[in-house]
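Start at 1 and go down the list; that is how both ligands and their atoms are numbered.
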Amino acid sequence: MLAGVVSTPALMPKGAMSVALLSPDEPAWWPHLKTMPEWQDGQPDPVDRWSARVLSQIAGNCGGTAILPSDGPPYAPFYSWALESGRCHSSPVRLLVHAEAGLFISFRGAIALPFCVALPALASPCLSCVDRPCLTACPAAALGAEGYDVPACHSFLDRPEGADCLTGGCRVRRACPVGKGRRDPSQSAHHMRYFHK
Ligand code: B12
Ligand code: SF4
Ligand code: SF4
C-alpha cells in the first residue's frame, strides 16, 4: 500500500521531487509472498529479494528509482521520510505508528519520483489512546518511554521467556490496539528470526 509521500526538498535524493513510501498490505501480503518465486526457491532473504524485484518494476513503470530500507549503511532516512509524510508519527516508544497499521507499520521500499505527488496527512492514533499500552508491554523493559535498549532486547530473546516475542512478534508492537490482528504471527516470527539471528 502507499503509506505516505514526502516532498520536503532537504530530504530528497538527487534528482527526485517526491519519495513514495510503500508498505505491505497486511494481512493479505504474507500469503501472497509465499506464492512468489523468491519464497519458493528456498534461498535466503526472500522478503528483501521480493521487495527488490517488485519495487524496481514499479519504479520502472513510473520513471522513478527504487530505494530499499536495508540498502546501507549509510541507510536511506525512512524514519524521517515517514514522519515528514504526515501519515506516520513517532509513538511514545519512538517506533513509528500509523493510523491503520499501528506499530506494525514498516516499509518494503520507496520510489524516488522525478515529479511531485501529494497525499493528505493522517492524525496520529496516539492522540486518542488513553491507556497507551505500548509503554508497559515489554517484559524486559527494553522498549519504552526511554527509547530502545537493543542489547537488553536481544538478551531477553535469548532466554526461555523470550520465546513469545520470537514466535509471535515484539509484544510492544502487538500491544497497540490500532494494528491488532493485522499481521500473521508467522510473518512476525520470520522477521524476528532475521532480527535475532
Ligand atoms: C538500523 C535499523 C535498525 C537497528 C537500530 C534501530 C535504531 N535504534 O535506530 C535495529 C537492528 C536494532 C533495528 C531493529 C528493528 N527495526 Co529497524 N531499522 C533500521 C534501519 C535499517 C536504519 C535506521 C537508520 O539508521 N537510518 C538512517 C538515519 C540517518 O535516518 P533516519 O531513519 O531518518 O533516522 C531516524 C531513526 O534512526 C530514528 N530512530 C532513532 N532511534 C530509533 C529507535 C527505533 C526503534 C526506531 C524505529 C527509530 C529510531 O531517529 C532518527 C532521526 O529521525 C531502518 C530502515 C531505514 N533505512 O531507515 C529500519 C527501521 C527503522 N526498522 C524497522 C523495524 C520494523 C525494526 C524491527 C521492528 C524489526 C523486526 N523485529 O521486525 C526492529 C525493532 C525492534 C523490535 N523489538 O522488534 C522499520 C520501522 C518500524 C517502525 N514501526 O518504526 C524500519 C523503517 C525498516 C522498515 N523496513 O520499515 N532496526
Ligand atoms: S498503543 Fe496507543 S499510544 Fe501506543 S502506539 Fe498504539 S495508539 Fe499510540
Ligand atoms: S521483542 Fe520483546 S524484549 Fe524486545 S523490545 Fe519487543 S517486547 Fe521487548
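Those atoms of ligand 3 that come under 4.0 Å of a heavy atom in Phe156, given as number and element, are 3 (S). Residue contact check: Pro133 has heavy atoms under 4.0 Å from atoms 1 (S) of ligand 2. Counting atoms of ligand 1 from 1 in the listed order, those under 4.0 Å from a heavy atom of Met192 are 71 (N). Close approach of ligand 1 to His191 (heavy-atom distance below 4.0 Å) involves ligand atoms 72 (O). Ligand-side atoms of ligand 2 in range of Cys134: 1 (S), 3 (S), 4 (Fe), 5 (S), range being under 4.0 angstrom from any heavy atom. Atoms of ligand 2 lying under 4.0 Å from any heavy atom of Pro92, numbered from 1 in the order shown and given with element: 3 (S). Applying the 4.0 Å criterion to heavy atoms of Ser106 picks out, from ligand 1, the atoms 90 (O). The distance from ligand 3 to the heavy atoms of Pro139 drops below 4.0 Å at these ligand atoms: 7 (S).
In terms of protein heavy-atom proximity, atom 30 (O) of ligand 1 is nearest to Pro77 CA, 3.5 Å. Atom 6 (Fe) of ligand 3 has as its closest protein heavy atom Cys170 SG, 2.4 Å. Of the protein's heavy atoms, Arg173 NH1, 3.2 Å lies nearest to atom 68 (C) of ligand 1. Taking atom 7 (S) of ligand 3 as the reference point, the nearest protein heavy-atom neighbour is Arg171 N, 3.3 Å. Nearest protein heavy-atom contact of atom 4 (Fe) of ligand 3 is Cys153 SG, 2.4 Å. Of the protein's non-hydrogen atoms, the one nearest atom 26 (N) of ligand 1 is Tyr75 CB, 3.7 Å.
Of all the listed residues (Ala140, Ala175, Ser155, Cys138), Cys138 holds the heavy atom that lies closest to atom 8 (Fe) of ligand 3. When Val93, Val130, Leu95, Leu103 are ranked by how near their heavy atoms come to atom 5 (S) of ligand 2, first place goes to Leu103. Residue nearest to atom 35 (C) of ligand 1, selected from Trp81, Phe78, Tyr79: Tyr79 (by heavy-atom distance). With atom 83 (N) of ligand 1 as the reference point, the heavy atom nearest to it among Ile105, Leu83, Val47, Leu95 is part of Ile105. Comparing Arg94, Arg183, His196, Glu84 by heavy-atom distance to atom 40 (C) of ligand 1, the nearest is Arg94.
Heavy-atom separations between His154 and ligand 3 are all 4.0 Å or longer. The shortest heavy-atom distance from Ser128 to ligand 2 is not under 4.0 Å.
For Val150, every heavy-atom contact with ligand 1 shorter than 4.0 Å involves the side chain, none the backbone. In Val97, neither the side chain nor the backbone holds a heavy atom less than 4.0 Å from any atom of ligand 1. By the criterion of a heavy-atom distance under 4.0 Å, the side chain of Tyr148, and not its backbone, is placed next to ligand 1. The proximity of Ala152 to ligand 3, defined as any non-hydrogen pair under 4.0 Å, does not occur for either the backbone or the side chain. Neither the backbone nor the side chain of Arg173 has a heavy atom within less than 4.0 Å of ligand 3. At a 4.0 Å heavy-atom cut-off, ligand 1 touches Ala76 through the backbone alone.
Inspection of the Glu26 and Gln187 side chains reveals an N or O donor paired with an N or O acceptor under 3.5 Å. A donor-acceptor contact closer than 3.5 angstrom is absent between the side chains of Tyr75 and Ser70. Using modelled atom types, one finds no donor on one side chain facing an acceptor on the other under 3.5 Å when comparing Asp25 with His32.
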Check your understanding: Which is it for His190 and Trp39 under the ring pair (Phe, Tyr, Trp, His ring centres under 6.0 Å) test, yes or no, and what are the steps along the way?
Key -> CA-CA 12 Å; His190 176 88; Trp39 184 273; 5.5 Å; yes
Review point. Given His191 and Phe195, is the ring pair (Phe, Tyr, Trp, His ring centres under 6.0 Å) satisfied, shown in steps?
Key: CA-CA 6 Å; His191 295 311; Phe195 169 62; over 10 Å; no
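Within the coordination shell of atom 2 (Fe) of ligand 3, defined by N, O or S atoms under 2.8 Å, Cys165 is present.
A salt bridge between Asp184 and Lys34 is absent, with no side-chain N of the basic residue lying under 4.0 Å from a carboxylate O of the acidic one.
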